[in-house]
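Residue numbers start at 1 and run along the sequence shown.
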Amino acid sequence: FGDFGSGGTGGGDPLEGLTSVDIDDPAAPTEPGTTEALPDGGIRMTGTGFSIFDAAGDIMHFTYEEITGDFDKRVQISAIDTDNNWGRGGIMARESLDNFSPAFKAIVSGLNSNLNAEGNPQGANQIRFAARFNPDAGWTTISRALGGVADAMPNQWIRLQRVGNYFAMYASADGESWALIGEKYT
């Protein structure tokens with residue numbers, strides 16, 4: 001589970017216009033997740049699931065708003081509390097709520113101290129941009145996995161943008177200055 005800032009201007013209910021759903025494998029349902037508003041205007045989501053990078057399809061708690069056309073969404077990931085190297089939070093644009101829906105995602109992996117011999121994160125402590133282009137297909141990583149998330153919390157911002165058939169993911173330490181992480185035309 002984790003805490004997310006809306007990236008908005010504050011005020012009002014941060015859950016207004018959002019819907020929460022658990023996307024599951026019908027053959028192996030998981031515990032339902034929760035989404036709640038925090039007093040500071042952020043959102044806390046909890047969830048269980050198997051993966052959002054696996055051949056089993058997406059199994060996760062998902063809070064979303066329906067958008068048609070272009071968008072530019074930003075979120076601050078202030079915490080990912082997990083005992084799993086692969087706990088994640090982020091922004092995802094999906095074609096549908098189907099388990100294998102085509103989608104783009106900008107994600108931050110949970111904090112973990114497991115490093116390889118070169119000192120790079122092994123799965124966790126990363127930001128990543130990926131896409132599933134066809135139903136029932138696997139995910140394609142568009143950006144290399146960037147380490148350093150552990151040092152950036154609680155100031156890890158990610159941004160997912162769509163303009164026509166162009167998708168881009170950005171990362172920021174302050175929500176003001178953005179670095180392009182990956183981009184893809186569909």
Side-chain angles (χ1 to χ4, degrees), residues 1-20 33-47 52-53 58 60-82 85-94 103-113 120-121 123-131 139 141-186:
F1 60 91
D3 296 345
F4 303 88
S6 65
T9 58
D13 180 0
L15 299 178
E16 185 175 340
L18 299 178
T19 302
S20 292
T34 63
T35 302
E36 65 179 301
L38 297 174
D40 65 2
I43 297 170
R44 174 174 292 137
M45 294 176 62
T46 62
I52 55 171
F53 255 117
D58 298 335
M60 64 182 175
H61 183 67
F62 187 58
T63 299
Y64 67 96
E65 70 175 306
E66 289 191 39
I67 300 174
T68 302
D70 298 344
F71 61 83
D72 189 350
K73 294 293 180 178
R74 308 152 195 237
V75 64
Q76 178 185 16
I77 311 292
S78 58
I80 298 177
D81 299 324
T82 181
N85 295 352
W86 293 101
R88 297 181 178 100
I91 305 172
M92 182 182 288
R94 300 180 66 86
F104 280 88
K105 63 184 173 185
I107 59 171
V108 175
S109 296
L111 304 181
N112 183 297
S113 59
N120 295 315
N125 302 339
Q126 296 179 347
I127 55 176
R128 182 183 302 248
F129 182 40
W139 287 97
T141 299
I142 295 170
S143 69
R144 65 185 179 90
L146 300 175
V149 175
D151 298 332
M153 297 285 185
N155 297 313
Q156 184 63 60
W157 289 78
I158 54 176
R159 176 179 171 192
L160 185 60
Q161 181 182 57
R162 176 185 181 182
V163 179
N165 64 348
Y166 171 79
F167 288 83
M169 182 217 173
Y170 302 85
S172 173
D174 60 11
E176 304 274 330
S177 300
W178 295 93
L180 179 67
I181 301 302
E183 59 188 339
K184 184 72 177 175
Y185 283 92
T186 60

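To the nearest 0.5 angstrom, I43 atom CD1 is 11.5 Å from T34 atom OG1. Residue E66 holds its CD atom at 11.5 Å from CG of L18, rounded to the nearest 0.5 Å. Interatomic distance, CG of L160 versus CZ of F71, reported as 4.5 Å (0.5 Å rounding). Remark: K105 NZ to M169 CE distance equals 11.5 Å, nearest 0.5 Å.
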### Query
Which is it for T46 and H61 under the side-chain contact (heavy atoms from CB on, under 4.5 Å) test, yes or no, and what are the steps along the way?
CA-CA 7 Å; T46 62; H61 183 67; over 6 Å; no

### Task
Take Y170 and W157 through the side-chain contact (heavy atoms from CB on, under 4.5 Å) test and state the conclusion after the steps.
CA-CA 8 Å; Y170 302 85; W157 289 78; over 6 Å; no

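At least one donor-acceptor pair under 3.5 Å links the side chain of D70 to the backbone N or O of G164. Listed for the S172 side chain is a donor-acceptor partner under 3.5 Å among the backbone atoms of S177.
I91 and K73 make their closest contact through CD1-O, 3.5 Å (heavy atoms, listed as atom of the first residue, atom of the second, distance). Residues I142 and A131 share a closest heavy-atom pair of CD1-CB, 3.7 Å. Across every non-hydrogen atom of G41 and P14, the tightest pair is O-CB, 3.2 Å. Pairing each heavy atom of R128 with each of T141, the nearest pair is NH1-OG1, 3.5 Å. Between A106 and I158 the shortest heavy-atom distance is O-CD1, 3.1 Å. Shown here for I77 and G89, the closest heavy-atom pair between the two residues is CD1-C, 4.2 Å.
D72 has its side chain within reach of R159: a pair of non-hydrogen atoms, C-beta onward, lies under 4.5 Å apart. Within the 4.5 Å cutoff, the side chain of I67 has no heavy atoms near those of the R162 side chain. At a threshold of 4.5 Å between non-hydrogen side-chain atoms, the residues T63 and M45 count as touching.
Other residues, nucleotides and ligands contribute over 12 non-hydrogen atoms within 6.0 Å of the CD atom of E65.
Relative ring orientation between F167 and F104 is described as parallel, the plane-to-plane angle staying below 30° on a 0-90° scale split at 30° and 60°.
Residues forming a ring pair (Phe, Tyr, Trp, His ring centres under 6.0 Å) with F62 (at least two apart in sequence, or on another chain): Y64.
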